[in-house]
Each structure stands twice: as structure tokens, then as C-alpha cells.
Undergrad: 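Handing you a structure now.
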Amino acid sequence: MAVSWASVAAPEPLGGVSVAVTAAGAAAVAFSAQPPDEVPARLATAPPADAQRTALVARQVGEYLAGRRRVFDFPVDWSLTSGPQRTVLQALHRAVGYGRTVTYGELAAGSGVYDAVPTGERWAAAREVGQIMGSNPVALIVPCHRVVASDGLGGYGGGYGGVEVKRWLLTLEGVLAPTLDWSGPA
DNA sequence: TACTTCACATTTT
DNA sequence: AAAATGTGAAGTA
């Protein structure tokens with residue numbers, strides 16, 4: 001296969017994280033310690049990353065999950081995204097740092113993609129942003145977990161248990177107060 | 001404050 | 001064709 005997978009062990013609700021790395025950067029993330037059997041066709045033809053970079057990505061992600069890293073130095077391979085999705089995700093990646101959050105509506109406005117949408121229909125933009133987050137191929141690195149609903153947590157992909165992951169990540173970053181069952185990244 | 005209803009584009013069943 | 005979706009804002013009690 002053409003991509004290198006950086007697998008990282010992770011605490012509690014995650015279990016593990018795998019990152020697909022191409023020569024351009026991190027292209028996809030899966031919430032499992034074992035890389036998926038199949039990869040998007042786009043990645044199968046992408047130029048592979050050298051072992052050096054793959055190791056770098058694995059190390060930084062590991063440090064982040066351990067609470068010892070706040071920013072990722074490696075670039076993101078946006079080839080799996082397109083159109084408005086790419087615009088929104090890039091806006092998020094650029095504007096929302098560690099320990100910060102934005103609401104779906106704010107991200108929609110900040111990305112500039114929905115400027116033409118009348119104020120009275122902001123909900124539509126917010127919902128579409130939600131869709132984009134849910135289909136974000138580079139979760140974690142593009143911090144889709146830092147996007148919350150205007151009144152609370154909002155949802156998270158990965159089905160039912162997904163929200164648990166979101167909570168864990170936000171607690172890790174100090175956005176949420178630790179809950180009673182919070183055991184920390186270690 | 002808490003709960004209900006509406007707005008509506010895509011995607012999945 | 002029908003239902004659900006990572007929302008937001010306004011209206012009701």
C-alpha cells in the first residue's frame with residue numbers, strides 16, 4: 001500500500017489511534033490501534049511518507065494523547081477533502097488552537113463559506129458544518145472535537161460512544177472540568 | 001430554566 | 001420514499 005500508518009496506543013475511551021501519513025502529511029485518522037484494512041482510493045495512489053515522518057507523526061500524536069503536547073508540527077494532507085469541506089476544515093485547523101472551542105455556528109461564520117447565507121438561516125450553516133465534522137477524515141489533528149454546540153457539547157461521530165471520546169479530549173485540554181471517573185491520560 | 005417546534009440540505013435505509 | 005443527522009433560535013409555560 002502507498003500510505004504509512006502511524007499507530008499510537010491511547011488511554012481509556014479511545015483504545016488507540018492510527019494515522020495515515022503520506023509525503024504531504026497526515027491524511028486520515030482512525031480511532032483504532034489497528035489500521036483499517038481498506039483505505040480510500042485517493043490514499044492508495046498517494047506518494048508514501050518516509051519512515052522518518054511517519055515516526056514523527058506517531059510520536060507527536062502519542063505525546064498529545066499523554067497531555068504533553070499542545071500543537072502538531074507536521075502538515076496535513078488535505079487530499080481527502082474537497083470544496084467547502086476543505087475550506088471549513090482548514091479554517092478550523094488554523095483558527096482553533098489547543099484548549100479553545102468554537103460553536104458550529106461560529107465556525108460556519110468564520111470559515112467564510114456561508115457568508116451569503118442570511119442571518120435568519122444560520123442554523124442551516126451550522127448543521128452543514130456538523131455534517132462536515134462528521135465526515136472529517138483527519139479527526140483529532142483537525143480538531144473537530146473542539147467544535148461544540150452553542151448550548152453544550154454537541155455530538156460526535158463514531159456512533160453512540162463517540163461523545164465519550166469528545167469529552168475525554170476536551171477534558172484533556174482543560175476545556176471541561178474532570179468528571180469523577182476521569183483518570184487522566186496516563 | 002426547561003421543553004417544544006421549525007427551518008431544510010445531504011446522506012442513509 | 002422516509003428518516004436521521006455532531007444545530008440554532010424563537011416561542012411557551
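No experiment lies behind these values; they were computed from the predicted model shown. Every chain is numbered from 1 and lettered A, B, ... according to where its sequence line falls, protein lines coming before strand lines. Only heavy atoms go into these numbers, but all of them, side chains included; no hydrogens, no water, no symmetry mates.
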Undergrad: Produce a footprint string for nucleotides 1-6 of chain B: one letter per nucleotide, 5' end first; B if the base is under 4.0 Å from any protein heavy atom, S if only the sugar-phosphate is, - if neither.
TA: ------

Undergrad: Of all the nucleotides listed (dG6(C), dG8(C), dA9(C)), which has the minimum atom distance to the side chain of A126(A)?
TA: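 Side chain of A126(A) sits closest to dG8(C).
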
Undergrad: Is there a side chain to side chain contact (heavy atoms under 4.5 Å, CB included) between Y114(A) and V129(A)? Walk through the geometry before answering.
TA: CA-CA 10 Å; Y114(A) 303 96; V129(A) 168; 4.0 Å; yes

Undergrad: Scan residues 81-112 of chain A against DNA chain B and write down, sorted by residue number, each residue with any heavy atom closer than 4.0 Å; if none is found, say none.
TA: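 Output list: empty, so none.
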
Undergrad: Treat primed atoms plus P, OP1 and OP2 as sugar-phosphate and everything else as base, then score nucleotides 7-13 of chain B 5' to 3': B for base contact with protein heavy atoms under 4.0 Å, S for sugar-phosphate contact only, - for none.
TA: BBB----

Undergrad: Given side chains that start at C-beta, do those of P35(A) and S7(A) come closer than 4.5 Å, heavy atoms only?
TA: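 Heavy-atom side-chain distance check passes, below 4.5 Å.
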
Undergrad: Anything below 3.5 Å on both distances counts as a pair; with that, list the stems of at least three consecutive Watson-Crick or G-U pairs involving DNA chain B.
TA: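 When the pairs of DNA chain B are grouped into runs of at least three, the stems are B:1-7 with C:7-13, B:9-13 with C:1-5.
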
Undergrad: Would you give the length of the straight line joining atom OG of S150(A) to atom CZ of R122(A), rounded to the nearest 0.5 angstrom?
TA: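 One finds 8.0 Å between OG of S150(A) and CZ of R122(A).
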
Undergrad: Should L170(A) and L153(A) count as side-chain neighbours, where that means a heavy-atom distance under 4.5 Å?
TA: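 They are in side-chain contact.
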
Undergrad: Report the relative orientation of the aromatic rings in W78(A) and H93(A); use parallel for angles under 30°, tilted for 30 to 60°, perpendicular for over 60°.
TA: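 If you compare the ring of W78(A) with that of H93(A), the planes turn out perpendicular.
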
Undergrad: When the distance from OH of Y156(A) to P of dT7(C) is rounded to whole Å, what number comes out?
TA: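 Y156(A) atom OH is separated from dT7(C) atom P by 14 Å.
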
Undergrad: Would a hydrophobic clustering, with Ile, Leu, Val, Met, Phe, Trp and Tyr connected at side-chain separations under 4.5 Å, put V165(A) with V17(A)?
TA: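 Yes, one cluster joins them.
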
Undergrad: Using the P atom in both, what is the distance from dC3(B) to dG6(C), to the nearest Å?
TA: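 So the two P atoms sit 23 Å from each other.
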
Undergrad: For V148(A), is there any backbone N or O sitting under 3.5 Å from a side-chain donor or acceptor partner on T101(A)?
TA: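 Pair absent, no side-chain N/O of T101(A) close to backbone of V148(A).
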
Undergrad: With D115(A), which residues qualify under side-chain hydrogen bond (donor to acceptor under 3.5 Å, both in side chains), at least two apart?
TA: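 In terms of side-chain hydrogen bond (donor to acceptor under 3.5 Å, both in side chains), with neighbours along the sequence ignored, D115(A) is linked to no residue.
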
Undergrad: Without swapping roles, check the side chain of E173(A) against the backbone of R100(A) for a donor-acceptor pair under 3.5 Å.
TA: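 Side chain of E173(A) to backbone of R100(A): no pair is present.
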
Undergrad: Strictly below 4.0 Å: does S150(A) bring a side-chain N or O up to OP1 or OP2 of dG8(C)?
TA: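 Yes, S150(A) has a side-chain N/O under 4.0 Å of OP1/OP2 on dG8(C).
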
Undergrad: If we ignore hydrogens and angles and just use 3.5 Å, is the side chain of Q85(A) paired with the main-chain N or O of S135(A) as donor and acceptor?
TA: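 Such a contact is found between Q85(A) side chain and S135(A) backbone.
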
Undergrad: Could you work out, with ring pair (Phe, Tyr, Trp, His ring centres under 6.0 Å) as the rule, every residue matching F72(A), not counting sequence neighbours?
TA: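 By the ring pair (Phe, Tyr, Trp, His ring centres under 6.0 Å) rule, F72(A) matches Y64(A), F74(A).
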
Undergrad: What nucleic acid atoms does V129(A) come within less than 4.0 Å of, heavy atoms only: base, sugar-phosphate, or nothing?
TA: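 Contact class for V129(A): none.
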
Undergrad: Could you check whether any side-chain N or O of R146(A) sits under 3.5 Å from a backbone N or O of V102(A), counting only pairs where one atom can act as donor and the other as acceptor?
TA: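 Looks like no, no N/O pair under 3.5 Å.
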
Undergrad: Using side-chain heavy atoms (C-beta onward) and a distance below 4.5 Å, is L107(A) in contact with M133(A)?
TA: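 Yes, side chains in contact.
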
